[in-house]
*Asks:* 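Below: one structure in structure tokens.
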Amino acid sequence: MAEAVSGTVSGGIGNSGQANIGSSTTAVASIALIANDGSPINVGGSNPAGAGLSAGIGGAYLGASFNADATRTAGNIVIDSSNNTLSGIMDAINKGNFGVTASIVSDGSTGTGATPNRLILTSSATGQSSTMKITLAGSGGEPPDDALVSLLGYDPGGVQNLSQKAAASDTKATVNGINVTSASTSIGGAITGVTINALKVGASTLAVTKDTGGLTNAVNSFVKGYNDLNTQITALGGYNTDTKTGGPLLGDSTLRNLQATIRAQLSSSITGLQGSGLTNLSQIGVSFQKDGSLALDGGKLQKAIDNNYADIASLFAAVGHGSDPEVQFASSSAKTQAGNYAINITQLASKGTLTGNVALPAETTIAADTKWTITLNDTTPSTLSNTQSVSIPAGTYNPSQLATALQSAINGVSAFSNAGATVAVTVDDSGMLKLESTRYGAKSNLTVVGDTGTDISALFGSATPVQGVDVAGTIGGYTATGDGQTLTGAPGAPIDGLKLTITGDTTGPRGTFGFSQGYAYQLNTLATGYLGGNGIIAGRTKGLNDTVKDITAQRDKFSARLVDVEARYRKQYTALDTSIASMNTTQSFLTQQLAALSANK
């Protein structure tokens, strides 16, 4: 900063209280720009260098720190002589598939010493916790390559050799005056059953109403679908008194049985609907007419929508409701029978775990080049891909940080993530480290063996793993098979194929579970029975085709017999013709002889 002073002025820079007869003084200072929210600072203008600043987006975090997100996975890549180029590093990061996308952008600079290509790293996830930290280590305990550290080393709370160009942030909004945040552009849970997609900044009004129009259209489509089918069945199997002609399937038993079964199903009430105010179609205004068609009473349907909106879907789909909210319907099969079944649980599902028997200290140091062999959710016989070598990042951690680092390192192994196998690592109230598979059941297991660096005993003591178990119990008194938290009804029983998800922490009686098969589900099952590859119509068609083949075979045999008869008759005719010719010759001879005898008398 420069200040020029002249005239009868007292004071001035460096001239306090004295008459200033003209002087020039230069003061030098530095300028620091600090963003209140930690976002990168964009410096522009005509001459930013005049203020000692560099044009562009840049800056470093001041007083920042890095806290790993336990829900994200850490990743490791190897950079050696085979990929130690910018493009090689980019490919290695992208192949690592651990939530970071790498790309190369050229700034267009040219000339001697120009480095136009820039490596860009972008988080695949959104949200304020989507920050990153890049740590480099050499192999065999050696220090990392200085050039790679200069290129890639990045720690928000330490050396920042990379420059952040865009700060991660959450979606922030107010819903009915309540502040809500989301790590993505979708906001769920603020309004029950509603997901809000935030496309731009601004205010908007959201009206949440029942989709009565869509429901009415769906019921109308159901009625129309049946009526169209009924018209087709009548055309195929009916008799037209005006033209005195019948349909091509007039009198066919299969067609009559199909029509009768459909009408019987739609006329009956749905069983197994616990807590529902609707059990039949007439309650929503759908009823049969004299001609066998269905008609919809819009007034009754609207009344049902107003009073029993949530129950209407149960009339059409296969649904299940339990008196215990922690007994949930998963699925059913065509063999599952509707009804109410008592639930009794003798064993709850658990996960494979390894829980330490020594409390963690305030800080735990993981040595460089620490590798463990971890087997996760292995099968019998063993599957090779279920056992992997896991590198544990070196550093000094408090218990919470250690749990996060360990979880991220294991879940970051691609062989585990590709198989859907993950772990959760926590610290219990006693300070013990707990490692557990996120899978339930007898297929949930893990083992940990220390290879190099810090031994597992430093974290878990002498603890041994515990394998998970499947849920066990009965449904309606019938045997059921457990697989994780899923209890499946045994074949041959009324509950055949019924799958329930059992959660909670209570064994013994768990209330009753009602299973119902709605009209649409019943019709779909009926259609499968008629139209499936082994269905009634397929069997009927096969029978008719077999009959046609049999008739064809009989016709071929009869044709062959006719050929034989013709040949026999021709042979007999030829023999007879020969005999007649011989007899005619004999006749002529005898006639001549008799004539000669008569002449010689």
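The residues of the chain are indexed from 1 along the displayed sequence. Computed from heavy atoms alone, side chains included, the values below leave out hydrogens, waters and symmetry copies.
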*Asks:* What pairs with F416 under ring-ring contact (aromatic ring centres under 6.0 Å, His included), at least two apart in sequence or on another chain?
*Replies:*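 Residues passing ring-ring contact (aromatic ring centres under 6.0 Å, His included) with F416: none at all.
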
*Asks:* Just jot down the salt bridge (charged side-chain N to carboxylate O under 4.0 Å, His left out) partners of D324, sequence neighbours excluded, or say none.
*Replies:*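 D324: salt bridge (charged side-chain N to carboxylate O under 4.0 Å, His left out) contacts with R510.
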
*Asks:* Do L266 and L523 have side chains that get closer than 4.5 Å, going by heavy atoms?
*Replies:*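 L266 vs L523: side chains touch.
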
*Asks:* Output a table of donor-acceptor pairs, distance under 3.5 Å, between side-chain atoms of residues 169-177 and any protein atom two or more places apart or on a different chain; print 'none' if there are none.
*Replies:*
residue	atom	partner	partner atom	Å
D170	OD1	Q128	N	2.6
T171	OG1	S184	O	2.8

*Asks:* Once you round to the nearest 0.5 Å, how far does OG1 of T375 lie from CG of N386?
*Replies:*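 Rounded to the nearest 0.5 Å, the OG1-CG separation comes out at 8.0 Å.
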
*Asks:* I'd like to know if the side chain of S350 and the backbone of V469 have a donor-acceptor N/O pair within less than 3.5 Å.
*Replies:*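 Yes; at least one donor-acceptor contact below 3.5 Å.
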
*Asks:* Spell out, as yes or no, whether a donor-acceptor pair under 3.5 Å connects the side chain of N280 to the backbone of Q283.
*Replies:*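 It does hold such a pair.
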
*Asks:* Side chains of K499 and D483: does their closest heavy-atom pair fall under 4.5 Å?
*Replies:*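 They are not in side-chain contact.
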
*Asks:* Side chain to side chain contact (heavy atoms under 4.5 Å, CB included), that's the test. Do V286 and Y519 meet it? Break it down for me.
*Replies:* CA-CA 12 Å; V286 179; Y519 295 109; over 6 Å; no

*Asks:* Could you tell me how the ring of F515 sits relative to the ring of F329: parallel (under 30°), tilted (30 to 60°) or perpendicular (over 60°)?
*Replies:*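 Tilted.
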
*Asks:* Please tell me if the side chains of F222 and L315 come closer than 4.5 Å, counting only heavy atoms from C-beta onward.
*Replies:*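 A side-chain contact under 4.5 Å is absent here.
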
*Asks:* How long is the gap from OH on Y440 to CG on L348, to the nearest 0.5 Å?
*Replies:*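 Answer rounded to 0.5 Å: 9.5 Å.
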
*Asks:* Are the side chains of I93 and I77 in touch, meaning some heavy atoms are under 4.5 Å apart?
*Replies:*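 Side-chain contact under 4.5 Å: yes.
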
*Asks:* Stepwise, does the side chain to side chain contact (heavy atoms under 4.5 Å, CB included) test hold for W372 with L459?
*Replies:* CA-CA 12 Å; W372 295 349; L459 280 65; 3.6 Å; yes

*Asks:* Using only atom types and a distance under 3.5 Å, with no angle test, would you say the side chain of D311 pairs donor to acceptor with the backbone of G277?
*Replies:*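 At least one qualifying donor-acceptor pair exists.
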
*Asks:* Would you name the heavy atoms of S516 and S314 that are closest together and state the gap between them?
*Replies:*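 Scanning both residues, the minimum pair turns out to be OG-O, 4.4 Å.
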
*Asks:* What's the verdict on side chain to side chain donor-acceptor pair (under 3.5 Å) for N377 and S437, showing C-alpha distance, side-chain angles and the deciding distance?
*Replies:* CA-CA 7 Å; N377 298 343; S437 167; 2.9 Å; yes

*Asks:* Looking at every non-hydrogen atom in both residues, tell me the closest pair between L446 and L435 and how far apart they are.
*Replies:*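 Looking at all heavy atoms of both residues, the shortest contact is CD2-O, 3.9 Å.
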
*Asks:* Could you check if a side-chain atom of N161 sits within less than 4.5 angstrom of a side-chain atom of I134, using non-hydrogen atoms only?
*Replies:*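 N161 does not reach I134 side chain to side chain.
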
*Asks:* Could I get the full list of salt bridge (charged side-chain N to carboxylate O under 4.0 Å, His left out) partners for D505, not counting sequence neighbours?
*Replies:*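 Per chain and number, D505 pairs via salt bridge (charged side-chain N to carboxylate O under 4.0 Å, His left out) with no residue.
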
*Asks:* Whether the side chain of S323 engages the backbone of T512 through a donor-acceptor N/O pair (distance < 3.5 Å, no angle test) should be reported.
*Replies:*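 Judged by distance alone, yes, a pair lies under 3.5 Å.
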
*Asks:* What side-chain donor-acceptor pairs closer than 3.5 Å can you find for residues 149-157, not counting sequence neighbours?
*Replies:*
residue	atom	partner	partner atom	Å
D155	OD1	G157	N	3.0

*Asks:* Please tell me whether N398 and S400 have a donor and an acceptor in their side chains that are separated by less than 3.5 angstrom.
*Replies:*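 Note: N398 and S400 side chains miss the donor-acceptor criterion.
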
*Asks:* Say you draw a straight line from OG1 of T438 to NZ of K351; how long is it, rounded to the nearest 0.5 Å?
*Replies:*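 One finds 6.5 Å between OG1 of T438 and NZ of K351.
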
*Asks:* Please report the interatomic distance CG(L119) to CD1(I104), rounded to the nearest 0.5 Å.
*Replies:*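 That separation rounds to 6.5 Å.
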
*Asks:* Identify the two heavy atoms, one from I502 and one from V327, that lie closest to each other, and give their separation to 0.1 Å.
*Replies:*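 Shortest heavy-atom contact: CD1-CG1, 3.8 Å.
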
*Asks:* Sequence neighbours excluded, which residues qualify as salt bridge (charged side-chain N to carboxylate O under 4.0 Å, His left out) partners of K434?
*Replies:*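 K434 satisfies salt bridge (charged side-chain N to carboxylate O under 4.0 Å, His left out) with E436 only.
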
*Asks:* Quick check: does any side chain N or O of S417 sit under 3.5 Å from a backbone N or O of S414, one acting as donor and the other as acceptor?
*Replies:*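 Yes, because the side chain of S417 sits within donor-acceptor range (under 3.5 Å) of the backbone of S414.
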
*Asks:* Working to the nearest 0.5 angstrom, can you tell me the gap between D378 CG and Q467 CD?
*Replies:*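 Atom-to-atom, D378:CG and Q467:CD are 10.0 Å apart.
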
*Asks:* Please name the pair of heavy atoms, one in T370 and one in T454, separated by the smallest distance, quoted to 0.1 Å.
*Replies:*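 So the two residues come closest at OG1-N, 3.1 Å.
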
*Asks:* So do L406 and I366 actually touch side chain to side chain, heavy atoms under 4.5 Å?
*Replies:*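 No. Closest side-chain heavy atoms not under 4.5 Å.
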
*Asks:* Please confirm whether the backbone N or O of G352 pairs with a side-chain atom of N445, one donor and one acceptor, at under 3.5 Å?
*Replies:*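 The answer is no, because no donor-acceptor pair under 3.5 Å joins these two groups.
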
*Asks:* Hey, does the side chain of N524 reach the backbone of A520 with a donor-acceptor pair shorter than 3.5 angstrom?
*Replies:*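 A pair under 3.5 Å: no.
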
*Asks:* Measuring only between side-chain heavy atoms, which start at C-beta, is R118 closer than 4.5 Å to D107?
*Replies:*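 Yes. Closest side-chain heavy atoms under 4.5 Å.
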
*Asks:* Looking only at atom types and distance, does a side-chain atom of T501 sit under 3.5 Å from a main-chain N or O of Q485, one as donor and one as acceptor?
*Replies:*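 Answer holds: no.
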
*Asks:* Verify, without hydrogens or angle tests, whether N411 (side chain) and V423 (backbone) share a donor-acceptor contact under 3.5 angstrom.
*Replies:*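 Flag set: sc N411 to bb V423 pair under 3.5 Å.
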
*Asks:* Could you go through the side chain to side chain contact (heavy atoms under 4.5 Å, CB included) check for Q388 and L376 one step at a time?
*Replies:* CA-CA 8 Å; Q388 298 292 323; L376 181 60; over 6 Å; no

*Asks:* Would you sort out whether I89 and L148 count as a side chain to side chain contact (heavy atoms under 4.5 Å, CB included), showing the intermediate values?
*Replies:* CA-CA 10 Å; I89 294 172; L148 287 176; 4.0 Å; yes

*Asks:* Tell me the closest heavy-atom pair linking S391 and A409, and the distance in Å.
*Replies:*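 It is O-CB, 3.6 Å.
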
*Asks:* Between the side chain of S186 and the main-chain N/O of N197, is any donor-acceptor distance below 3.5 Å?
*Replies:*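 Side chain of S186 to backbone of N197: no pair is present.
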
*Asks:* With a 4.5 Å cut-off on side-chain heavy atoms, are M90 and L86 touching?
*Replies:*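 They are not in side-chain contact.
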
*Asks:* How long is the span from the CD1 atom in I410 to the OG atom in S408, to the nearest 0.5 Å?
*Replies:*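 One gets 9.5 Å once the value is rounded to the nearest 0.5 Å.
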
*Asks:* Please find the pair of heavy atoms, one from N340 and one from G514, that lie closest to each other, and give the distance.
*Replies:*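 Heavy atoms only, the tightest pair is OD1-CA, 3.3 Å.
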
